[in-house]
Amino acid sequence: MQVLHTVNEIRQAVGQARRAGKRIGFVPTMGNLHEGHLQLVRQAHRTCDVVVVSIFVNPLQFGLNEDWEQYPRTLEADSEKLVGVNTDFLFCPTETEMYPNGMATQTKVEATVMTNVLCGASRPGHFLGVTTVVAKLFNMVLPDEAVFGIKDYQQLAVIRRMAEDLCIPIQITAAPIARADDGLALSSRNGYLTAAERPIATGLYRSLRWAQQAIEAGRRDYAAIEAEAKTQLKTAGMRPDYFSVIQQKTLEAATGQDTAIAILAAVYLGKTRLIDNVIINLHP
Ligand code: AMP
């Protein structure tokens, strides 16, 4: 695995592979890698000849009071894991390489829908930072395909829309959520949980599954389901941010007529913010 730090280096390496007829896959991450990230790399390898992983803890997508400073940076362990899944190139740009003119005057890429609801409502500016950095990374790496986790459902929807709106010639593919044995979705932020909080965190997926089963069994009173689930989360010791039954494509509130739906949820547990979701395809 070659570790590269500059746009010139990654362009050169990927350009050489492309001229040799290789299909290039790309997995953008913020590091502190776990099995979920590694599954994205394995999935990229299934359809691509060469896989690039980036690690960049993007300050532009963190709010002022969020965890950018404290976000775990574990480059050495990450590199070993990436070698273990046959990553070809690890791209780790510095902040200056990413934002040579500074963040304040950086040209931004803004998705105008789906960004002010759900996570976007609690994290103003977050998706503006995400779309901007992902657009930049796409232009730096110039891959044929990029793999994103369904774990960050809203992010995936926003990036798909950005790629469509800007005619970005990169295939966006989705990878399923990797979970711990007890159901908790793997996340770098799980490391913030205390030993006492860790078992409580499993309640998030439990409530999502409960709601999924209720809907699959025929319930369509989504507002009532959302309210019940929030009560469950509070009783379990979490502070629900949102728990929303939505349409898969638009992220708008689902109605009883929709068949392609998902339930997206976010909670605070102590100082940690956790997100998770389930996808439901109802048969009309
Ligand atoms: P992050 O490093 O958290 O920015 O995530 C990088 C990529 O990994 C994103 O596409 C995430 O959706 C994906 N990802 C993170 N956690 C998981 C998980 N538990 N299962 C699948 N994909 C994940």
Side-chain angles (χ1 to χ4, degrees), residues 25-46 48 51-63 66-68 70-75 77-79 81-82 85 87 90-93 98 114 118-120 123 126-138 141 143 145-163 170-193 198 201-202 204-205 208 251 262 264-267 272-279:
F26 177 42
V27 179
T29 81
M30 299 204 300
N32 193 236
L33 303 180
H34 50 65
E35 189 53 31
H37 298 110
L38 303 184
Q39 279 190 24
L40 305 195
V41 179
R42 289 192 200 99
Q43 178 163 324
H45 269 300
R46 268 178 240 138
C48 301
V51 175
V52 181
V53 175
S54 67
I55 295 181
F56 181 65
V57 187
N58 176 32
L60 200 59
Q61 71 188 66
F62 285 78
E66 292 185 350
D67 56 343
W68 180 77
Q70 143 196 30
Y71 200 86
R73 287 150 173 95
T74 51
L75 189 56
D78 292 349
S79 303
K81 290 175 187 171
L82 290 173
V85 290
T87 306
L90 169 56
F91 178 46
C92 304
M98 185 60 74
M114 301 189 285
L118 305 164
C119 281
R123 306 185 66 189
H126 169 66
F127 288 109
L128 184 61
V130 170
T131 43
T132 300
V133 83
V134 170
K136 293 196 69 153
L137 284 165
F138 281 178
V141 176
E145 180 175 338
V147 186
F148 292 86
I150 293 171
K151 160 84 179 355
D152 299 270
Y153 189 98
Q154 186 173 11
Q155 169 174 282
L156 174 63
V158 167
I159 287 169
R160 278 193 197 284
R161 179 61 192 259
M162 171 188 80
I170 297 172
Q171 187 188 335
I172 309 293
T173 45
I177 302 178
R179 299 183 179 280
D181 289 341
D182 62 6
L184 179 67
L186 299 183
S187 165
S188 305
R189 291 194 168 96
N190 292 352
Y192 298 154
L193 297 171
R198 178 60 186 78
T202 60
L204 175 56
Y205 185 50
L208 282 165
L251 310 190
L264 272 47
V267 298
T272 310
R273 189 170 190 280
L274 300 173
I275 60 170
D276 199 352
N277 65 79
V278 293
I279 292 173

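Reckoned from all heavy atoms, side chains included, excluding hydrogens, waters and symmetry mates. Quick caveat, the model's predicted, so the values are computed rather than measured. Note that ligands are numbered from 1 as they come in the structure, with each ligand's atoms numbered from 1 the same way.
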Can you sort out the partners of R160 under salt bridge (Lys or Arg N to Asp or Glu O under 4.0 Å), two or more places apart, ordered by chain and number? none
Is the closest side-chain heavy-atom distance between L75 and L90 below 4.5 Å? yes
Should F148 and P28 count as side-chain neighbours, where that means a heavy-atom distance under 4.5 Å? yes
Given the rule in the side chain to side chain contact (heavy atoms under 4.5 Å, CB included) test, do I172 and F138 qualify, once you have shown the distances and angles that lead to the verdict? CA-CA 11 Å; I172 309 293; F138 281 178; 3.8 Å; yes
I need the contact type for H37 against ligand 1. Using non-hydrogen atoms and a strict under-4.0 Å cut-off, is it side chain, backbone, both or neither? side chain
Would A185 count as being in polar contact with ligand 1, using the rule that some N or O on each side must be under 3.5 angstrom apart? no
Option whose closest heavy atom lies nearest to atom 22 (N) of ligand 1, chosen from A175, S187, G149: G149
Got the closest protein heavy atom to atom 20 (N) of ligand 1, with its distance? A178 N, 2.8 Å
Ligand 1 to T29 polar contact by distance, N or O atoms, under 3.5 Å: no
Output the list of atoms in ligand 1 that are nearer than 4.0 Å to some heavy atom of I177, sorted by atom number. 20 (N), 21 (C)
Which of the numbered atoms in ligand 1 are under 4.0 angstrom from any heavy atom belonging to P176? 20 (N), 21 (C)
Would you say the side chain of P72 lies within less than 4.5 Å of the side chain of Y192, judging by non-hydrogen atoms? yes
For L186, the ligand 1 atoms with a heavy-atom partner under 4.0 Å come out as 16 (N), 17 (C), 18 (C), 19 (N)
In this structure, atom 4 (O) of ligand 1 is nearest to the protein heavy atom M30 CG, 3.5 Å
How far is atom 13 (C) of ligand 1 from its nearest protein heavy atom, and which residue and atom is that? L40 CD1, 3.7 Å
Does Q154 reach the main-chain N or O of C119 with its side chain, forming a donor-acceptor pair under 3.5 Å? yes
Please indicate whether any nitrogen or oxygen in P28 is less than 3.5 Å from any nitrogen or oxygen in ligand 1. no
SB check K81 E35 (cutoff 4.0 Å): no
Who's the nearest protein heavy-atom neighbour of atom 23 (C) of ligand 1, and how far? K151 CB, 3.9 Å
Do any N or O atoms from the side chain of D67 and from the backbone of F62 form a donor-acceptor pair under 3.5 angstrom? no
Who gets closest to atom 12 (O) of ligand 1 by heavy atom: L156, L184, D152? D152
N or O contact, F148 vs ligand 1, cut-off under 3.5 Å: no
Is any side-chain heavy atom of N277 less than 4.5 Å from a side-chain heavy atom of I279? yes
Do L184 and R198 touch side chain to side chain, with heavy atoms closer than 4.5 Å? yes
Any H34 heavy atom less than 4.0 Å from ligand 1: yes
